[in-house]
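Working notes, beginning with the structure itself.
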Amino acid sequence: MQSSSSSASTPAAASGLVFDLGSAAGVPETHAWPGVNEYPSVESAGRDVVPVVDMGVACPDATRALARAADEWGVFLLVGHGVPREVAARAEEQVARLFVLPAPDKARAGRRPGEPTATGYGRPPLALRFSKLMWSEGYTFRAATVREEFRRVWPDGGDDYLRFCDVMEEYDREMRALGGRLLDLFFMALGLTDVQFATGETERRIRETWTATMHPILCPEPERAIGLTAHTDSGFITLIMQSPVPGLQLLRRGPDRWVTVPAPPGALIVMLGDLFQVLTNGRFRSPIHRAVVSRERERISVPYFLCPPEDMTVAPLASALLPGRKAVFRAVTWPEYMEVKHKVFGTDAPALEMLQLQVDEEEQGERAATT
């Protein structure tokens, strides 16, 4: 383990991941993104109101609201979810404390060059695919190995280490349980019975989790920088806890515009990923989204990713195939899909198009008419 006085030789320092953007007077060319304002940004209002799903209402009502939101948006605000506010508050507090640690302390846990999916501190994993740098820092870790992972930050343990790990494990228990309840609602929306989603192998195995934290930093020129560039999530479902500072934006078409997702107290954001689109045969879609930065307000975001086990083959569920329709995506594993996505980064080709199967012209026309 490197000492804090030798941060220049740590993985983070070696790969340029130690930075102090908060004190920057302007945005250098390394962080300047063209096209940040190519499309207008609009508030959640009128036809652009981000849907809200209340899990506290009767199950049929929640299921219908969830199905409509997943079909039309691929994302929604979730309330009545049962995660205690004090649990979320403690998690946000600990994440904030993590990011204010001295840079050398965080650098000890830096991601290593050439390992874009590795755990650790630095630029968000997505940022490693681009030549331009994003105006944020992040930490990715597996919830199941939090105590081992954060020995890299606190090599001697201590009260701060124990408190952080206790809170993250508490948060993981709540989010894992919520993920299970959400999956049940999604399966009900697809028409599965209790017996089917209790006994189906695919339905049982969608429980692997990662936790990632992201910290967009105050930016002197927010019109030139980006916290996280436009992308779709790769896994099944992302549950996002964010501080009460809006910054997540969704791309909506016709005309193209960025819709800012509100940040009401206590609400979580549910974002569908590419492999959930595969699982539902395209019925529920993964939305393009990004995170913007602010001149006045910092924002903490804690995405909790529900991803498939690496050996799980993901293919459209039989219950997702409408009468007379065929599967439109081929089966794929998580590593195989990430390899596909890596190949298309920096191009205009969506990774999901690489998985699409050929369908006859009549069926293609019917599908186009419903989108």
Side-chain angles (χ1 to χ4, degrees), residues 48-55 59-78 81 178-193 196-197 200 202-203 205-208 231-240 248 250-253 259 261 268-289 303-308 312-332 334 337 341 350-357 359 363-364 366-371:
D48 290 322
V49 172
V50 177
V52 177
V53 174
D54 186 353
M55 290 185 73
C59 191
D61 294 333
T63 302
R64 282 193 293 270
L66 176 143
R68 185 167 55 251
D71 180 54
E72 296 177 1
W73 285 74
V75 63
F76 52 87
L77 290 166
L78 186 67
H81 45 67
L178 172 59
R181 297 193 298 273
L182 260 179
L183 283 170
D184 289 348
L185 280 182
F186 275 114
F187 292 146
M188 291 173 64
L190 290 171
L192 274 71
T193 66
Q196 285 175 310
F197 64 70
T202 298
E203 291 77 2
R205 298 194 66 201
I206 307 173
R207 307 289 174 179
E208 288 291 303
H231 67 288
T232 58
D233 288 353
S234 301
F236 284 137
I237 301 172
T238 309
L239 308 174
I240 305 173
L248 179 68
L250 310 168
L251 182 61
R252 300 290 284 172
R253 302 294 190 183
V259 178
V261 180
L268 297 171
I269 299 170
V270 177
M271 183 89 63
L272 302 186
D274 294 341
L275 290 183
F276 206 71
Q277 184 167 333
V278 172
L279 201 69
T280 64
N281 205 41
R283 177 177 171 184
F284 300 153
R285 306 194 175 195
S286 55
I288 298 173
H289 57 284
Y304 186 92
F305 298 101
L306 286 168
C307 302
M312 176 181 173
T313 299
V314 180
L317 293 170
S319 59
L321 302 181
L322 298 175
R325 296 288 181 86
K326 302 174 183 177
V328 297
F329 297 106
R330 66 176 175 87
V332 67
W334 172 256
Y337 181 64
K341 201 158 188 176
L352 280 177
E353 286 188 0
M354 308 290 285
L355 303 184
Q356 285 186 332
L357 300 170
V359 296
E363 184 175 345
Q364 207 166 34
E366 289 176 0
R367 183 174 296 109
T370 61
T371 59

Flag side-chain contact, heavy atom, 4.5 Å: [X] against [Y]:
X: Thr232; Y: Gln277; result: no
X: Cys59; Y: Met188; result: yes
X: Val270; Y: Val53; result: no
X: Leu66; Y: Phe76; result: yes
X: Leu352; Y: Tyr337; result: yes
X: Phe284; Y: Leu190; result: yes

Legend entry - Set of residues satisfying salt bridge (charged side-chain N to carboxylate O under 4.0 Å, His left out) with respect to Asp54, sequence neighbours excluded: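 By the salt bridge (charged side-chain N to carboxylate O under 4.0 Å, His left out) rule, Asp54 matches no residue at all.
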Legend entry - For Phe329, the option from Val278, Leu279, Leu275 that meets side chain to side chain contact (heavy atoms under 4.5 Å, CB included):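 Result for side chain to side chain contact (heavy atoms under 4.5 Å, CB included) with Phe329: Val278.
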Looking only at heavy atoms, what is the nearest atom pair of [X] and [Y], with distance?
X: Leu317; Y: Phe187; value: CD1-CE2, 4.0 Å
X: Leu272; Y: Ala70; value: CD1-CB, 3.7 Å
X: Pro308; Y: Trp334; value: CD-CE3, 3.6 Å
X: Arg181; Y: Met55; value: CB-CE, 3.8 Å
X: Val50; Y: Leu250; value: CG2-CD1, 4.3 Å

[atom2] on [Y] to [atom1] on [X], rounded to 0.5 Å:
X: His81; Y: Leu182; atom1: NE2; atom2: CG; result: 10.0 Å
X: Asp274; Y: Leu355; atom1: CG; atom2: CG; result: 8.5 Å
X: Leu321; Y: Arg283; atom1: CG; atom2: CZ; result: 11.5 Å
X: Phe186; Y: Phe236; atom1: CZ; atom2: CZ; result: 12.0 Å
X: Asn281; Y: Leu357; atom1: CG; atom2: CG; result: 9.0 Å
X: Phe276; Y: Ile237; atom1: CZ; atom2: CD1; result: 4.5 Å

Apply side chain to side chain contact (heavy atoms under 4.5 Å, CB included) to [X] and list each qualifying residue two or more places apart in sequence or on a separate chain.
X: Ala62; result: Val57, Leu185
X: Val52; result: Leu77, Val79
X: Ala331; result: Thr313, Ala315
X: Pro287; result: Val75, Met271

Inset, instruction - Scan for salt bridge (Lys or Arg N to Asp or Glu O under 4.0 Å) pairs involving residues 60-71, sequence neighbours excluded, and state none if there are none. - result: Asp61-Arg64
Inset, instruction - Hey, can you tell me if His289 and His231 have their rings parallel, tilted or perpendicular (30° and 60° cut-offs)? - result: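 Rings of His289 and His231: tilted, 30 to 60°.
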Legend entry - Residue list, side-chain hydrogen bond (donor to acceptor under 3.5 Å, both in side chains) with Thr238, at least two apart or on another chain: Asp233
Legend entry - Partners passing side-chain hydrogen bond (donor to acceptor under 3.5 Å, both in side chains) against Thr280 (at least two apart in sequence or in another chain):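 Not a single residue meets the side-chain hydrogen bond (donor to acceptor under 3.5 Å, both in side chains) criterion with Thr280.
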